[in-house]
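Notes to accompany the following structure.
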Amino acid sequence: LNLKAAFAHAELVDKDASQCRNARADQLRVVPGDVTKSYLMDKLLGTNMCSGTRMPKGVAKYSAARLSLVGRWICQGALDN
């Protein structure tokens with residue numbers, strides 16, 4: 001998963017959440033407009049994860065403000081901006 005600026009959108013939006021292939025085959029990393037169906041938020045919150053650990057791994061969890069920013073981006077359509 002390449003999250004560098006030039007690749008992140010293509011790697012996240014409308015892409016299968018590969019960690020969930022066995023548990024929830026239809027799970028997507030980011031579902032534009034729907035934060036509750038976006039596995040990225042589960043991973044950032046450390047909830048409802050198919051496998052692995054909370055993101056970002058090995059560092060402090062995101063602040064409420066940062067989580068809100070990611071959530072707004074998803075809710076506004078997860079634009080490539």
Side-chain angles (χ1 to χ4, degrees):
L1 184 62
N2 187 343
L3 295 180
K4 291 182 181 176
F7 302 96
H9 190 268
E11 293 277 331
L12 292 172
V13 178
D14 290 323
K15 299 297 179 186
D16 290 332
S18 57
Q19 290 182 337
C20 295
R21 282 193 185 127
N22 294 330
R24 298 186 305 235
D26 60 342
Q27 181 70 57
L28 298 177
R29 291 177 180 157
V30 172
V31 177
D34 196 337
V35 71
T36 64
K37 291 183 181 175
S38 296
Y39 190 59
L40 174 63
M41 287 304 294
D42 291 341
K43 289 295 281 186
L44 292 173
L45 293 167
T47 59
N48 301 318
M49 297 185 301
C50 297
S51 65
T53 59
R54 179 193 47 78
M55 289 176 40
K57 188 175 182 177
V59 298
K61 64 182 181 178
Y62 275 10
S63 67
R66 206 164 193 189
L67 287 168
S68 179
L69 180 66
V70 174
R72 278 194 314 271
W73 172 72
I74 292 170
C75 287
Q76 293 172 350
L79 301 175
D80 188 5
N81 52 9

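Bear in mind the structure is a predicted one, so any value in this text is a computation, not a measurement.
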Non-hydrogen atoms of A8 and L3 that approach each other most closely: CB-O, 3.8 Å

Of the non-hydrogen atoms in S18 and R29, which two are nearest, and what is the gap between them? OG-NH2, 3.7 Å

Pairs flagged by salt bridge (Lys or Arg N to Asp or Glu O under 4.0 Å) wherever residues 38-49 is involved - sequence neighbours left out: R24-D42

Quick one: closest heavy-atom pair of P32 and G77, and the distance? CB-O, 3.4 Å

OG1 of T36 to CE of M41: how many Å apart, nearest 0.5 Å? 10.5 Å

Taking the side chain as everything from C-beta on, heavy atoms only, tell me whether Q19 gets closer than 4.5 Å to Q27. no

Please give me the minimum heavy-atom distance between Y39 and A17, naming the atom from each residue. CD2-CB, 3.6 Å

Should L12 and Y62 be regarded as members of a common hydrophobic cluster, given that ILVMFWY residues are connected when their side-chain heavy atoms come within less than 4.5 Å of each other, either directly or indirectly? yes

How long is the span from the CG atom in L28 to the NZ atom in K37, to the nearest 0.5 Å? 10.0 Å

To check you understand the geometry: which heavy-atom pair defines the closest contact between V31 and I74, and what is its length? O-CG2, 3.5 Å

Look up atom NZ in K61 and atom CG in L45, then write down how far apart they are to the nearest 0.5 Å. 8.5 Å

Determine whether H9 and V30 make a side-chain contact, defined as any pair of heavy atoms from C-beta on separated by less than 4.5 Å. no

Out of curiosity, does V70 fall in the hydrophobic cluster containing M49 (side-chain heavy atoms, cut-off under 4.5 Å, transitive links)? no

For W73 and L79 the tightest heavy-atom approach is NE1-O, 2.9 Å

Would you give the length of the straight line joining atom CG of D26 to atom CG of D16, rounded to the nearest 0.5 angstrom? 9.0 Å

